J.: 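Dropping a structure here in C-alpha cells format, bear with me for questions.
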Amino acid sequence: EKGGYEHFMLKEIFEQPKSIHDTMRGRLLVDEGVIKMAGIWDHVERFKNANRIIIIACGTSWHAGLIGEYLIEEFARVPVEVEYASEFRYRNPIITDKDVVIAISQSGETADTMAALKLAKEKGAFIYGICNVVDSSIARITDAGSYTHAGPEIGVASTKAFTAQLTILSLIALKLGKHNGNLGNADFMRLIAELNAIPKKIEEVLEATHELTQNIAKDFINATNFLYLGRGYNYPAALEGALKLKEISYIHAEGYPAAEMKHGPIALIDENMPIVIIAPKKGHYDKIVSNVQEIKARKGKVIAVVNKGDKQVSAMADYVIEIPETSECFSPIVASVPLQLLAYYIAVYRGANVDQPRNLAKSVTVE
Ligand code: F6R
C-alpha cells in the first residue's frame with residue numbers, strides 16, 4: 001500500500017505532481033482560458049461583495065490559509081483575515097451576514113474548525129469549505145465548497161493536502177480576480193499557464209532534490225534548533241517548513257518572516273544554528289540577500305532554497321537547494337517540496353516514526 005516507499009509520508013510527497021494535477025483537473029482549462037469552479041461561480045457575487053473573507057483553520061491548513069490571504073488580496077482585492085479556529089471561536093468575533101468564511105481542513109473533522117464554523121453560521125456568514133475528505137463533517141456543514149482531491153493522506157504530517165489546498169486557493173483567487181476585473185486577461189492567461197506547469201516543476205524538484213536533501217539531512221541529525229525564514233508568499237512556507245520538521249523529528253524549529261529576524265531571533269544565531277532560507281528570485285530577493293549577510297556575519301549555517309542559476313545567495317550559503325522559477329504567488333507550492341523532504345530525512349535518520357509521530361493524531365476531533 002505504500003507503493004514501494006518506506007513511509008506513507010514519502011509516498012505522499014512523491015504523489016504531489018499527480019495530486020496537484022488531480023486538484024486542477026476539470027477546473028483549470030488552460031486552452032479555453034477558463035477556471036471552472038461551480039462552488040465559487042454559483043456564489044460569486046457573495047464573494048465579490050463580501051465585507052471581508054475570513055479564513056479559518058488549524059496547523060498546516062492555517063499556513064495554507066495565510067498564503068490564501070496573500071493570493072486573494074493580491075488578485076481579488078477583497079480584504080482577508082486568517083484565524084486559528086481555536087482563537088476565533090472563543091473571542092466573540094465580529095461577524096455578519098456580509099462576511100464569507102472559508103474553512104480549510106484536510107480531514108474535515110477538526111473539532112475547533114467545526115465549532116468555529118458553527119458560530120460563523122449562526123451569525124449568518126456564508127461558509128465555504130476546502131476539505132480533502134469527501135463528505136466529512138466540515139464539508140457537510142458548509143454552504144458550498146471545493147474538494148482538494150489530493151487522495152487519502154495517511155501520514156500524520158500533512159504534505160500533499162497542503163499543496164492541494166494552495167492549488168485550490170490559487171484557483172479561487174485567480175477566478176475572483178478575473179471576475180472582479182482586477183486581473184486583466186493577459187495576466188490571467190499567463191498565471192493560469194504558470195499554475196498548470198506546477199506539477200511538472202514539482203516533478204523536477206523531486207528528481208533534483210531527493211538525494212541532495214538526504215545529504216543535507218545527514219549533517220543536521222544532532223541539531224537542537226532550526227530557524228526557517230521567508231518573505232512575502234514564502235513567509236507562511238517558512239512556518240510550514242518549521243512545523244514539518246518539529247512534528248516528525250522533534251527538533252525545535254521556528255518559522256519567521258525574514259525581516260523579523262532582527263527583532264529577536266538574531267540573538268540565537270551562532271555556528272550551531274541552521275537556518276533554512278527561502279529565497280526565490282521573484283519576491284524581495286535583495287532584502288533576503290542582506291538577511292543572509294547578517295546570518296553569515298554571525299556564522300549561522302545557511303540552507304538556501306533558491307532558483308536555478310542563483311548567484312548571490314548561493315555564494316554565501318552553506319547548502320544550496322535549487323528549484324525552478326515560477327510566479328511569486330505559486331513559489332510556496334514549489335519551495336515546500338524540498339522542505340518536506342528535508343524534514344522527512346532528518347526524522348528518518350534520527351530513527352523517528354515519521355508516519356505516526358508521538359502525541360499527534362491525523363484528525364484532531366477533540367479541542
Ligand atoms: C501538520 C498537521 C496538522 C493539521 C491540523 C489541521 O502536518 O497535519 O497541523 O494540519 O491538525 O488538520 P485538518 O486540516 O485536518 O483540519
Side-chain angles (χ1 to χ4, degrees), residues 8-9 11-29 35-43 47 53 55-72 80 82 85 100-110 113-114 117 127-176 192 195-196 198-199 201-202 236-237 240 243-244 329-330 332-334 336-337 340 362-364:
F8 283 108
M9 183 175 173
K11 171 174 176 264
E12 289 159 6
I13 291 171
F14 271 84
E15 272 171 3
Q16 289 175 110
K18 178 175 183 299
S19 54
I20 293 173
H21 188 265
D22 289 345
T23 299
M24 299 191 300
R25 193 204 314 276
R27 292 172 168 150
L28 181 57
L29 310 178
I35 292 173
K36 262 202 201 166
M37 293 176 103
I40 296 291
W41 195 241
D42 292 347
H43 307 280
F47 279 93
I53 294 174
I55 300 180
I56 291 175
C58 303
T60 290
S61 298
W62 183 79
H63 295 152
L66 289 179
I67 295 170
E69 172 182 17
Y70 284 50
L71 282 161
I72 294 171
V80 179
V82 188
V100 169
V101 168
I102 300 180
I104 308 178
S105 177
Q106 187 287 128
S107 64
E109 301 296 342
T110 303
T113 307
M114 187 65 180
L117 289 185
I127 316 283
Y128 200 86
I130 300 176
C131 296
N132 194 45
V133 176
V134 174
D135 213 28
S136 51
S137 306
I138 291 172
R140 276 186 274 122
I141 170 184
T142 54
D143 297 305
S146 306
Y147 284 115
T148 38
H149 297 312
E153 190 179 66
I154 313 284
V156 164
S158 186
T159 53
K160 64 173 180 171
F162 175 68
T163 50
Q165 289 163 348
L166 297 183
T167 305
I168 289 286
L169 289 161
S170 301
L171 290 169
I172 292 175
L174 297 177
K175 183 158 183 73
L176 292 176
I192 62 173
L195 183 57
N196 196 47
I198 294 291
K201 290 188 179 178
I202 293 190
E240 174 59 11
L243 177 60
K244 284 295 83 102
C329 60
F330 307 133
I333 309 180
V334 182
S336 290
V337 175
Q340 295 166 347
K362 185 67 187 158
S363 70
V364 183

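Values below: all heavy atoms of this structure, side chains included; hydrogens, waters and symmetry mates excluded. Predicted model only: the values in this text are computed from it and were never measured.
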J.: NE2 of His43: more than 12 outside heavy atoms within 6.0 angstrom?
T.: yes
J.: Rounded to the nearest 0.5 Å, what separates atom CZ in Arg27 from atom CD1 in Ile192?
T.: 15.0 Å
J.: Would you compute the distance between atom CG of Leu166 and atom NE2 of His63 and round it to the nearest 0.5 angstrom?
T.: 11.5 Å
J.: Got a sec, which residues hit salt bridge (charged side-chain N to carboxylate O under 4.0 Å, His left out) with Glu153, two or more places apart in sequence or on another chain?
T.: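 Residues passing salt bridge (charged side-chain N to carboxylate O under 4.0 Å, His left out) with Glu153: Lys362.
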J.: Between Leu169 and Ala64, what is the shortest heavy-atom contact and its length?
T.: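 Of all heavy-atom pairs spanning Leu169 and Ala64, the closest is CD1-O, 3.3 Å.
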J.: Please report the closest heavy-atom contact between Asp135 and Arg140, naming both atoms and the distance.
T.: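 Shortest heavy-atom contact: O-NE, 2.9 Å.
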J.: Could you check Ile130, Thr142, Ile127, Val82 and say which one makes a side chain to side chain contact (heavy atoms under 4.5 Å, CB included) with Ile102?
T.: Ile130
J.: Between atom CD1 of Ile72 and atom CD1 of Ile53, what is the distance when rounded to the nearest 0.5 Å?
T.: 4.5 Å
J.: Can you tell me how far CG of Asn196 sits from CE of Met24, rounded to the nearest 0.5 angstrom?
T.: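 It comes to 5.0 Å.
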J.: If you look at every heavy atom in Gly108 and Ser136, which pair is closest and at what distance?
T.: CA-OG, 3.4 Å
J.: Between Val133 and Glu109, is any pair of side-chain heavy atoms under 4.5 Å apart?
T.: no
J.: Please answer whether the main-chain N or O of Ile154 pairs with a side-chain N or O of Glu12 as donor and acceptor at a distance below 3.5 Å.
T.: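 Present.
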J.: Strictly by salt bridge (Lys or Arg N to Asp or Glu O under 4.0 Å), give each pair with a member in residues 158-175 just once, sequence neighbours left out.
T.: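 Every salt bridge (Lys or Arg N to Asp or Glu O under 4.0 Å) pair that includes a residue of residues 158-175, provided the two are not neighbours, is Glu15-Lys160.
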J.: What is the minimum heavy-atom distance between Phe330 and Leu174, and which atoms define it?
T.: CZ-CD1, 4.0 Å
J.: Applying the side chain to side chain contact (heavy atoms under 4.5 Å, CB included) test to Ser170, which of Ile67, Leu71, Ile35 qualifies?
T.: Leu71
J.: I'd like to check the side-chain hydrogen bond (donor to acceptor under 3.5 Å, both in side chains) partners of Thr113; sequence neighbours left out, ordered by chain and number.
T.: none
J.: List the atom of Asn132, the atom of Tyr147, and the distance in Å for their closest heavy-atom pair.
T.: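 Result for this residue pair: O-CD2, 4.3 Å.
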J.: Distance from Leu171 atom CG to Leu176 atom CG, nearest 0.5 Å?
T.: 11.0 Å
J.: As a test of understanding, state which of Ile198, Leu28, Thr23, Asp22 forms a side chain to side chain contact (heavy atoms under 4.5 Å, CB included) with Thr167.
T.: Thr23
J.: Give me the atom names and distance for the closest heavy-atom approach of Ser105 to Ser61.
T.: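 That would be CA-OG, 4.0 Å.
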J.: Measuring from atom NE2 of His149 to atom SG of Cys131, what distance do you get when rounded to the nearest 0.5 angstrom?
T.: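 So the gap between those two atoms works out to 11.5 Å.
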J.: When you look at Thr163 and Gln16, which way does the side-chain hydrogen bond (donor to acceptor under 3.5 Å, both in side chains) test go after all the steps?
T.: CA-CA 7 Å; Thr163 50; Gln16 289 175 110; 2.8 Å; yes
J.: Is a side-chain donor-acceptor pair under 3.5 Å present for Thr60 with Glu240?
T.: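 Present: a donor and an acceptor within the cut-off.
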J.: With the side chain counted from C-beta on, respond yes when Trp62 and Pro236 share a heavy-atom pair under 4.5 Å apart, and no when they do not.
T.: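 When only atoms from C-beta onward are counted, Pro236 and Trp62 do not touch, as no gap falls below 4.5 Å.
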